[in-house]
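Written out below as structure tokens is the structure these notes cover.
Ligands are counted one by one from 1 in listed order, and the atoms in each one are counted from 1 as well.
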Amino acid sequence: MTALHDHICDVIRSDGPMTVARYMEICLTHPEQGYYTTRDPLGAAGDFTTAPEVSQMFGELIGLFLADYWLGIGRPSPVHLIELGPGRGTLMADALRAMKIVPDLTGAVQVHFIEVNLALKEMQKKAVPGASWPGSLDEIPPGFCFVVANEFFDCLPVRQFIKTSPGWAERMVTLEDGKLVFTQGEVAGPLALPEAGFNPGDIIEACPQGAFWISAIAQRLKDFGGLALIIDYGYGREGAGDTFQAVKNHKPAAVLESPGQCDLTAHVNFVELKEKAEQNGLTAYGPVAQGIFLQNIGIEARAGKLLDQANKKHKKDILSAVKRLVSKDEMGELFKVLCLAKKGEPAPAGFDQDQ
Ligand code: SAH
């Protein structure tokens, strides 16, 4: 049992059952014992690995994708390069290195990281000297911006709703004989849950903080122009069921055990994000499968260049990284890419073969 487990039990004893979103929020971002506030979760010694940690090509290609858009839109300056949940800062460091080939772009760029994790902030400082760490998008000075979020939205708390014969119920976490268990409660607040098409026992999810971030991004893009690139594992159709999951040491774990010790995530509901973006007056491109997006923006050419310079061992690593990022049975299909822009602005490259 963890200290956070005792804290959650105390909260339930005093306030009653809590929503899945509240449980997830305490587990991930409790100021002293939350999973994301206390450790570096990434890499072989951590709990999971992400695309920028798999290969430098990922961040480089995103850097070139943004540079291409910047050239096409008339080289605005300054360019605020904003990353949500930047992890070790690897994606940004790789992107900035690749962007150097475009004259004047590096000089125009100002990097801003939104991050809750102090250990990771230290790593970001080393990876990208000169970045700033604002508390919110509002603190970033006016100007054209690119927003990048890789595996950020999946960390945001989700609410879960279960279809019952009288209607939708909210899935809650409660205490039974000293153990955390799921139960059901009344759905709080005004929510437009679907009327038809679901059977008793079906689960759907909503991510209020995800919707909040889309609104904040929309405001920024409408005011100053730019693009947002959201990459995550998720689904592009309605009602994908229960996707709430825990991971520890690269293996699945039980979501209600060891609060604060495992990564808790939910698949990103790209339908919800896209709808929210469009309601906020943005144009949405995708979601397209990550494999298709990376091929569209040139992963094969980039890998070819690296292969030319590589020794035998390194060649094997490059080929296996491309496979991991692109192939359908690895990250290529489950991971999706959604791009948002202000209505009327040019379309970004890479979204041609919508899946
Ligand atoms: N983008 C990185 C890291 C992904 S892990 C990569 O691809 O490697 C998720 C990241 O989001 C971590 O940096 C984590 O600390 C951060 N994070 C999680 N919840 C957050 C929140 N509510 N606000 C800000 N950052 C958050």
Side-chain angles (χ1 to χ4, degrees), residues 21-31 33-63 81-96 111-128 131-140 146-158 207-214 216-217 228-234 245-248 250 260 262-268 290 293-294 321 324-325 331 334-337:
R22 175 102 179 94
Y23 173 76
M24 212 173 151
E25 182 168 19
I26 297 176
C27 290
L28 295 179
T29 53
H30 181 278
Q33 283 136 17
Y35 178 79
Y36 277 111
T37 30
T38 53
R39 71 194 66 215
D40 170 11
L42 291 155
D47 293 315
F48 60 93
T49 301
T50 57
E53 301 298 331
V54 167
S55 167
Q56 67 184 76
M57 288 181 281
F58 189 79
E60 288 170 350
L61 287 167
I62 288 178
L81 201 41
I82 305 166
E83 190 173 355
L84 311 181
R88 294 175 168 176
T90 310
L91 186 158
M92 188 61 77
D94 292 336
L96 290 171
V111 177
H112 309 277
F113 288 142
I114 302 274
E115 179 57 69
V116 280
N117 182 314
L118 293 180
L120 291 177
K121 260 189 200 174
E122 286 309 311
M123 299 175 90
Q124 292 156 19
K125 268 183 203 157
K126 292 202 180 97
V128 185
S132 84
W133 283 264
S136 70
L137 294 189
D138 294 339
E139 289 174 27
I140 299 170
F146 290 126
V147 181
V148 177
N150 187 59
E151 290 211 41
F152 171 74
F153 279 81
D154 65 90
C155 309
L156 301 177
V158 290
C207 183
Q209 285 192 31
F212 159 81
W213 277 107
I214 295 293
I217 290 169
L229 196 63
I230 297 167
I231 308 162
D232 227 306
Y233 48 100
Q245 63 184 38
V247 167
K248 190 168 171 49
H250 300 264
C262 349
D263 187 29
L264 294 181
T265 63
H267 286 206
V268 172
Q290 171 174 296
F293 177 71
L294 290 176
R324 181 124 183 234
L325 295 174
M331 297 172 84
L334 175 60
F335 280 75
K336 308 209 164 28
V337 187

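Short contacts between ligand 1 and P52, defined as distances under 4.0 Å to a heavy atom of the residue, involve ligand atoms 6 (C), 7 (O), 8 (O). Per-residue contacts place G87 under 4.0 angstrom from the following atoms of ligand 1 (heavy atoms of the residue considered): 2 (C), 3 (C), 13 (O). The contact set between ligand 1 and F152, taken as ligand atoms under 4.0 Å from a residue heavy atom, comprises 11 (O), 20 (C), 21 (C), 23 (N), 24 (C), 25 (N), 26 (C). Atoms of ligand 1 found under 4.0 Å from any heavy atom of N117, numbered from 1 in the order shown, are 15 (O). The atoms of ligand 1 that sit less than 4.0 Å from any heavy atom of L120 are 12 (C), 13 (O), 15 (O).
Legend: residues meeting salt bridge (charged side-chain N to carboxylate O under 4.0 Å, His left out) with E53, ordered by chain and number and at least two apart, are R88. When the salt bridge (charged side-chain N to carboxylate O under 4.0 Å, His left out) test is applied to E83, no partner is found at least two apart in sequence or on another chain.
Residues P157 and A21 approach most closely at CB-O, 3.3 Å, considering heavy atoms. Here the shortest heavy-atom pairing between C262 and V247 reads CB-O, 3.4 Å.
The local environment of CZ in R39 is crowded, with over 12 non-hydrogen atoms from other residues, nucleotides or ligands closer than 6.0 Å.
The single protein non-hydrogen atom nearest to atom 6 (C) of ligand 1 is T50 OG1, 3.3 Å, given as residue, atom name and distance. Among all protein heavy atoms, the one lying closest to atom 10 (C) of ligand 1 is G85 O, 3.5 Å.
Each of V147, I230, L156 was compared with W213 under the side chain to side chain contact (heavy atoms under 4.5 Å, CB included) criterion, and only L156 meets it.
Contacts between V116 and ligand 1 below 4.0 angstrom, taking non-hydrogen atoms only, involve backbone and side chain alike. Counting heavy atoms under 4.0 Å from ligand 1, residue N150 touches it through both backbone and side chain.
Close N/O approach between Q209 and ligand 1 is not found [any backbone or side-chain N/O within under 3.5 Å]. Taking only nitrogen or oxygen atoms, main chain and side chain alike, F48 does not reach within less than 3.5 Å of ligand 1.
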Determine, stepwise, if the pair Q124 / E115 fulfils side chain to side chain contact (heavy atoms under 4.5 Å, CB included). CA-CA 10 Å; Q124 292 156 19; E115 179 57 69; 3.0 Å; yes
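Atom 15 (O) of ligand 1 has its nearest heavy-atom neighbour, among E115, E83, E151, E53, in E115.
At a cut-off of 3.5 Å, with distance as the only test, a side-chain donor of Y233 or T265 sits close to an acceptor on the other residue.
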